[in-house]
Asker: 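For reference, the structure I am asking about is given below.
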Amino acid sequence: MSDSKLITLSQAAEIVRDGALITFSGFTIWRRPCAFVFELIRQRKRNLHVIEVNSGPHSEFLIGAGCVSVWESSWIGHEIYGKFGANLSRKIKGKEIIYEDYTHAEMGMRFLAASAGMPFMAVQTALGTDIHNPAYDMLALAGLRDGSNPKIPRKKYDTINDPFFSGAEQILVPAAKVDIAVICAQKAGTDGTVRIEGQFFTDPEIARAADVTIVLAEEVVPEEYLRRDPRLNTIPAFVVDYVVECPYGAHPTGMAGFYEPDGDFIRNFYMQTRTQEGFDEFAREWIHRTTHNGYLERLGSGRLIGLRASRTLGFSAKVGKG
Amino acid sequence: MSDSKLITLSQAAEIVRDGALITFSGFTIWRRPCAFVFELIRQRKRNLHVIEVNSGPHSEFLIGAGCVSVWESSWIGHEIYGKFGANLSRKIKGKEIIYEDYTHAEMGMRFLAASAGMPFMAVQTALGTDIHNPAYDMLALAGLRDGSNPKIPRKKYDTINDPFFSGAEQILVPAAKVDIAVICAQKAGTDGTVRIEGQFFTDPEIARAADVTIVLAEEVVPEEYLRRDPRLNTIPAFVVDYVVECPYGAHPTGMAGFYEPDGDFIRNFYMQTRTQEGFDEFAREWIHRTTHNGYLERLGSGRLIGLRASRTLGFSAKVGKG
Amino acid sequence: MMESSARKVNKRGYTLADLMTVAASREVRDGEIVFAGTGIPMLAIMLAQKTHAPHLKLIFESGTFDSHPVALPTSVGDPRCETASSRSSGLCEAFFLAQRGYIDLGFLTGAEMDEYGNVNTTVIGDYLDPELRLTGGGGNPDINSFARRTVYIMVHEPRRFVQSVSYITIPGWRVKKWPSGQCVHRRELYGGAFRGGPSAVISTAGVFRFDVETGRMYLDTFHPGHTPEQIAGLCMFNLDIGRVRGETPPPSADELYLIHEVLDRDELFVPRSAD
Amino acid sequence: MMESSARKVNKRGYTLADLMTVAASREVRDGEIVFAGTGIPMLAIMLAQKTHAPHLKLIFESGTFDSHPVALPTSVGDPRCETASSRSSGLCEAFFLAQRGYIDLGFLTGAEMDEYGNVNTTVIGDYLDPELRLTGGGGNPDINSFARRTVYIMVHEPRRFVQSVSYITIPGWRVKKWPSGQCVHRRELYGGAFRGGPSAVISTAGVFRFDVETGRMYLDTFHPGHTPEQIAGLCMFNLDIGRVRGETPPPSADELYLIHEVLDRDELFVPRSAD
């Protein structure tokens with residue numbers, strides 16, 4: 001059974017059906033499964049419902065390429081390399097995409113709920129904001145909350161008065177149920193055990209929340225090695241369905257202990273893709289008619305070496321803008 | 001600020017007021033703060049409301065000594081060293097204690113809710129059992145759910161129909177809010193960072209759930225040492241209020257990597273304390289008119305050496321019945 | 001639990017404890033995720049792992065997932081549970097996984113069971129005025145609620161196979177709907193959270209299963225030395241013996257070797273035979 | 001954000017960015033638990049840690065607690081956030097701690113704010129038909145909701161200090177009560193979860209605070225080169241300048257040294273002066 005989880009990047013992307021609810025690992029410009037997203041674009045996936053704690057370059061790639069019909073998250077941007085998500089912004093202005101806003105804490109608790117088999121979780125955040133404006137339930141306005149997709153909740157949120165203590169109104173946020181979670185991590189064992197180095201963000205939760213969990217690992221290592229110290233592992237093997245060995249799978253986002261975000265690449269992408277024409281040009285140059293290996297060759301060894309993280313520090317002592 | 005968290009065992013026990021809601025680390029016969037409990041008994045605490053995921057020898061000590069007026073948990077026993085909690089059993093039969101039953105998952109989620117500032121969490125466990133029998137809300141029968149103690153919920157549980165997906169009835173379990181959590185761990189830093197080795201059970205949750213968190217550590221080590229690998233630490237320093245260096249603080253329960261449970265001690269305790277007279281005799285011999293150091297001297301070096309865990313294995317290769 | 005009879009070896013060269021351990025291990029299917037309690041259940045799972053189910057994944061509610069213990073743990077909090085596991089954490093994560101539906105099989109021991117597989121581990125007598133307070137539920141109600149199947153190990157005495165338990169600690173196939181307490185089929189109460197229920201009972205007399213529709217227990221196989229009629233007489237309810245398949249298959253030499261020479265050399269749970 | 005003016009050094013030998021960083025750092029009290037965003041907020045916190053607040057505890061929502069970075073992180077997902085932290089984990093645990101009430105102070109940047117401290121980082125124009133979609137809320141609404149105090153860093157332009165924000169992303173002192181959208185005091189809406197709200201705004205023109213009862217912003221100090229009246233003219237609402245205390249205190253030589261020679265040598269967030 002050990003080897004059966006190992007598949008190729010293109011096989012992994014083929015698992016994603018058009019219209020799937022999909023989520024991705026990482027946080028803003030760190031550990032986002034960009035190589036997988038490029039392959040989704042090559043395979044011309046359509047009508048994806050992207051749902052994630054926050055969005056970064058990977059989401060902008062997918063949205064710019066027209067693969068996404070619903071964006072459900074709390075934030076999109078490129079940190080210091082780009083002020084906002086220019087592709088999402090353009091598609092929203094053009095009414096080409098459905099958007100739904102939550103907060104980080106709400107999205108985190110939504111994935112935790114889904115990962116724990118709970119239909120909802122109670123939070124007391126963002127009270128009094130337009131995030132809770134009942135007129136802004138965008139999936140409802142789009143007619144997507146009719147129960148025809150059992151993973152889409154019937155409401156954006158609900159309220160309940162705490163029956164146990166204060167009686168105060170609580171916000172109930174619905175479980176973020178997803179078809180597929182794609183996780184980009186430093187190490188995976190041959191049976192699927194995942195060891196994430198650095199902050200693990202919401203990756204343990206999204207892994208359990210999904211029906212199918214796919215891991216892109218910088219290194220696939222013998223399972224026995226990871227099992228010598230199970231307290232350092234992040235996701236148990238049986239939660240992972242497929243493993244792809246994919247070095248630099250997060251580029252241009254960063255991978256703690258392996259490489260920094262490629263700030264120049266992200267900034268250029270942000271500047272270039274303020275228009276759809278710019279995006280299409282970017283896609284022709286970096287995504288279409290190539291493979292992940294071709295992409296890495298195009299980047300060149302010198303560039304990759306320049307992004308290297310120190311194995312002592314976990315980050316580069318040279319790249320200031322990590 | 002570093003040193004101010006270090007106090008003595010007797011100072012730590014003095015923090016516990018009569019009537020406090022208190023919880024303890026560990027799981028059945030592992031990492032229970034027995035030295036602290038013995039000190040509570042010496043200080044003749046009264047009317048404690050013990051609330052914990054499950055109970056073991058430490059709870060039996062406290063209950064047998066008459067310090068506990070409410071026991072709220074899911075299980076009590078000594079694993080293979082004693083079939084049930086003879087002291088709790090006797091006090092229940094004599095109507096000397098209030099008892100409230102949940103399940104492990106319910107208690108775990110109750111502490112998680114309290115630790116996350118949530119008033120409740122939804123579970124779908126133990127449906128159809130007498131654990132949810134409305135006639136068995138024992139704290140309500142005892143008049144303790146009138147809101148006069150703001151940490152005691154107004155109901156044992158509540159139900160709600162899932163508004164988002166199935167519409168199915170959910171059990172809402174209330175946050176387990178506590179005044180004091182006492183945690184027995186392998187290592188604590190001088191600023192309070194806790195590193196638990198082996199399974200951490202529900203200790204991160206109880207630490208955050210409590211207003212005051214006290215840690216008994218086998219070893220207090222320089223904070224810098226623990227901060228070299230923050231991913232191995234279990235509880236952040238600022239969650240911990242006080243640290244007591246207390247070798248063998250969990251005896252007769254076990255401490256992964258340090259010592260096995262003292263099966264003979266626990267079995268003798270269980271057999272001896274089937275009666276109150278037996279308990280009182282046990283207390284005279286092992287608890288009263290002594291100190292933790294006196295207790296360890298009475299046990300003797302040979303006995304402690306015999307319980308030693310291998311530093312390679314994390315458990316004893318000799319003590320079979322660990 | 002079986003100290004009185006466990007050392008009695010029968011003419012075939014194995015004890016009742018051996019037979020029960022092996023019968024329990026055969027309930028595990030390869031690749032399944034199994035939530036283990038301690039005692040014979042853990043021994044049975046480890047036996048299955050070494051025989052027909054090498055890819056089973058062993059989960060302990062204390063927080064270790066997919067363990068491969070080299071020394072037999074005697075409780076789930078034991079660091080022996082952590083050995084070669086895929087991840088070690090805590091109780092909440094174990095129940096997140098369980099409630100999310102990852103668990104195929106739970107293995108429990110029961111003190112008192114009714115014909116629908118409802119189990120009482122809380123109290124002898126009235127909950128409000130008990131004759132004897134027992135341990136309580138612990139994780140047992142959870143494991144049973146979340147798993148697709150639950151297997152019980154039990155001592156067979158009439159006082160343990162009762163018409164009706166005085167307190168339902170662990171839910172069976174027909175349970176109480178609150179607030180009325182009306183008895184309903186488990187599927188009706190659990191709704192979308194329904195995954196299954198008690199699937200087998202390995203007692204000191206035989207192996208029992210449940211009719212999922214009626215929720216009633218029936219005799220599947222009887223241990224050597226017992227007859228279906230005699231076993232029916234050991235139950236306080238009307239046991240269905242019409243579906244019995246024959247004798248419980250005996251342990252193999254390989255299984256006996258693994259139990260006594262590999263897994264439980266210290267006789268923590270299964271004593272060697274007396275002769 | 002302050003690229004146009006940041007390099008202009010005044011006659012006192014420091015830039016506006018220096019002044020703002022120092023003013024922000026002075027909002028931190030020793031021993032506080034501070035939830036940090038990136039940019040000037042992080043720099044200000046690290047400056048406080050090296051000056052008057054050595055025991056502050058720095059939390060990042062990505063999951064590191066009580067960090068002591070040796071290299072300046074440029075985003076909260078950066079492994080530089082993990083250095084010498086007490087614990088490294090994930091987002092859920094960070095918000096468990098925050099919602100539980102562990103956070104004293106949050107540090108944020110804002111694009112558009114009204115007189116009650118409500119902030120919009122989501123959209124320019126109508127949410128349902130936007131002129132320009134911005135980043136959205138991220139963790140900012142959470143940090144502000146859970147912390148006792150929140151300090152904002154902002155560029156001072158009339159279009160950013162508005163009468164009413166088009167979308168409340170981060171709650172201020174008077175917020176909307178749903179479903180009606182009626183404007184109520186934050187304390188009324190948050191009830192038992194009320195801990196505080198926006199406590200200061202450090203803009204390119206001055207330092208502002210809020211009257212907790214009325215929820216309205218007032219000018220506390222003005223930066224050198226500004227007057228209260230001129231600052232009032234830079235706000236689209238009626239700014240209370242009656243409580244002004246004087247000029248914003250200047251950075252010390254020690255603070256300037258720490259900013260430029262220790263914390264931000266690479267000028268990631270605060271450029272050196274042009275001369």
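Both backbone and side-chain heavy atoms feed into the values below; hydrogens, waters and symmetry mates do not. Sequence lines set the chain letters: A, B, ... in the order given, protein chains first and strands last, and positions in each chain run from 1.
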Asker: Taking every non-hydrogen pair under 4.5 Å, which of E82(D), R265(D), R174(D) racks up the most with chain A?
Answerer: E82(D)
Asker: With a 4.5 angstrom heavy-atom cut-off, is it the side chain or the backbone of Y190(D) that approaches chain A, or both, or neither?
Answerer: both
Asker: Any carboxylate oxygen within less than 4.0 angstrom of a Lys/Arg side-chain nitrogen, looking at E197(A) and K187(A)?
Answerer: yes
Asker: Ring of F65(D), cation from R87(D) - is the NZ or CZ under 6.0 Å from the centre and inside 45° of the axis?
Answerer: no
Asker: Sort by residue number and list every residue of residues 113-126 of chain D having at least one heavy atom under 4.5 Å from chain A.
Answerer: T122(D), D126(D)
Asker: With a 4.5 angstrom heavy-atom cut-off, which part of V184(D) approaches chain A: side chain, backbone, both or neither?
Answerer: neither
Asker: What residue in A71(D), S88(D), A94(D), S89(D) has the most heavy-atom pairs under 4.5 Å with chain A?
Answerer: S89(D)
Asker: Side chain, backbone, both or neither: which part of E169(A) has an atom under 4.5 Å from a heavy atom of chain D?
Answerer: neither
Asker: Among G181(D), C183(D), C92(D), G191(D), single out the residue with the greatest number of heavy-atom pairs under 4.5 Å to chain A.
Answerer: C92(D)
Asker: Between S166(A) and chain D, which part of the residue has a heavy atom less than 4.5 Å away: side chain, backbone, both or neither?
Answerer: neither
Asker: Could you please spell out the steps behind the side chain to side chain donor-acceptor pair (under 3.5 Å) verdict for Y259(A) and E218(A)?
Answerer: CA-CA 11 Å; Y259(A) 45 90; E218(A) 290 293 317; 2.7 Å; yes
Asker: Under a 4.5 Å heavy-atom cut-off, does chain D meet the side chain of V53(A), its backbone, both or neither?
Answerer: side chain
Asker: If you measure only the distance, is there a donor-acceptor pair under 3.5 Å linking the side chains of H251(A) and E260(A)?
Answerer: no
Asker: Measuring heavy-atom distances to chain A, does I170(D) have an atom under 4.5 Å in its side chain, in its backbone, in both, or in neither?
Answerer: backbone
Asker: Between N133(A) and chain D, with a heavy-atom cut-off of 4.5 Å, which part of the residue counts as in contact: side chain, backbone, both or neither?
Answerer: both
Asker: Is R100(D) salt-bridged to E93(D), going by a charged N under 4.0 Å from an acidic O?
Answerer: no
Asker: Specify the closest pair of heavy atoms between R80(D) and P69(D), including all atoms of both residues, with the distance to one decimal.
Answerer: O-CB, 3.5 Å
Asker: Go through D142(D), L91(D), L128(D), V76(D) and name the one with the most non-hydrogen pairs under 4.5 angstrom from chain A.
Answerer: D142(D)
Asker: Measure across P79(D) and W30(A) and return the closest heavy-atom pair with its distance rounded to 0.1 Å.
Answerer: CD-CH2, 3.3 Å
Asker: So K91(A) and Q276(A), do their side chains get closer than 4.5 Å, heavy atoms only?
Answerer: yes
Asker: Quick one: do F161(D) and M236(D) satisfy side chain to side chain contact (heavy atoms under 4.5 Å, CB included)? Show the steps, please.
Answerer: CA-CA 6 Å; F161(D) 282 72; M236(D) 305 286 279; 5.7 Å; no
Asker: Test salt bridge (charged side-chain N to carboxylate O under 4.0 Å, His left out) on R267(A) and E79(A) and set out the steps.
Answerer: CA-CA 10 Å; R267(A) 190 186 294 106; E79(A) 299 282 7; over 6 Å; no
Asker: So do F95(D) and L97(D) actually touch side chain to side chain, heavy atoms under 4.5 Å?
Answerer: no
Asker: Under the criterion salt bridge (charged side-chain N to carboxylate O under 4.0 Å, His left out), I'd like the reasoning laid out for D203(A) against R31(A): C-alpha separation, chi angles, the key distance, then a yes or no.
Answerer: CA-CA 10 Å; D203(A) 296 351; R31(A) 279 200 304 97; 2.6 Å; yes
Asker: In terms of heavy-atom proximity below 4.5 Å to chain D, should M107(A) be classed as side chain, backbone, both, or neither?
Answerer: neither
Asker: As an exercise: rank G139(D), G63(D), G137(D) by heavy-atom pairs under 4.5 Å with chain A and give me the winner.
Answerer: G139(D)
Asker: Using a 4.5 angstrom heavy-atom cutoff, name the option from T159(A), T202(A), I131(A), N54(A) with the most pairs to chain D.
Answerer: I131(A)
Asker: Pick one of side chain, backbone, both or neither for S85(D), based on which atoms fall under 4.5 Å of a heavy atom in chain A.
Answerer: neither
Asker: Under 3.5 Å, is there a donor-acceptor pair between the T21(D) and D18(D) side chains?
Answerer: no
Asker: How far apart are the closest heavy atoms of A317(A) and L313(A), and which atoms are they?
Answerer: CB-CD1, 3.8 Å
Asker: Does the salt bridge (charged side-chain N to carboxylate O under 4.0 Å, His left out) test come out yes or no for K95(A) and D129(D), once each step is laid out?
Answerer: CA-CA 8 Å; K95(A) 302 199 190 310; D129(D) 188 14; 2.8 Å; yes
Asker: For Q124(A), which atoms come within 4.5 Å of any heavy atom of chain D: side chain, backbone, both, or neither?
Answerer: both
Asker: Chain D: which of A86(A), S89(A), G167(A) shares the most heavy-atom pairs with it under 4.5 Å?
Answerer: S89(A)
Asker: For the pair K156(A) and E100(A), evaluate salt bridge (charged side-chain N to carboxylate O under 4.0 Å, His left out) and give the outcome as yes or no after the intermediate values.
Answerer: CA-CA 9 Å; K156(A) 183 177 177 183; E100(A) 190 78 277; 3.7 Å; yes
Asker: Measure D101(A) against the heavy atoms of chain D and call it side chain, backbone, both or neither at under 4.5 Å.
Answerer: both
Asker: Go through E131(D), R186(D), K177(D) and name the one with the most non-hydrogen pairs under 4.5 angstrom from chain A.
Answerer: E131(D)
Asker: Side chain, backbone, both or neither: which part of I196(A) has a heavy atom under 4.5 Å from chain D?
Answerer: neither
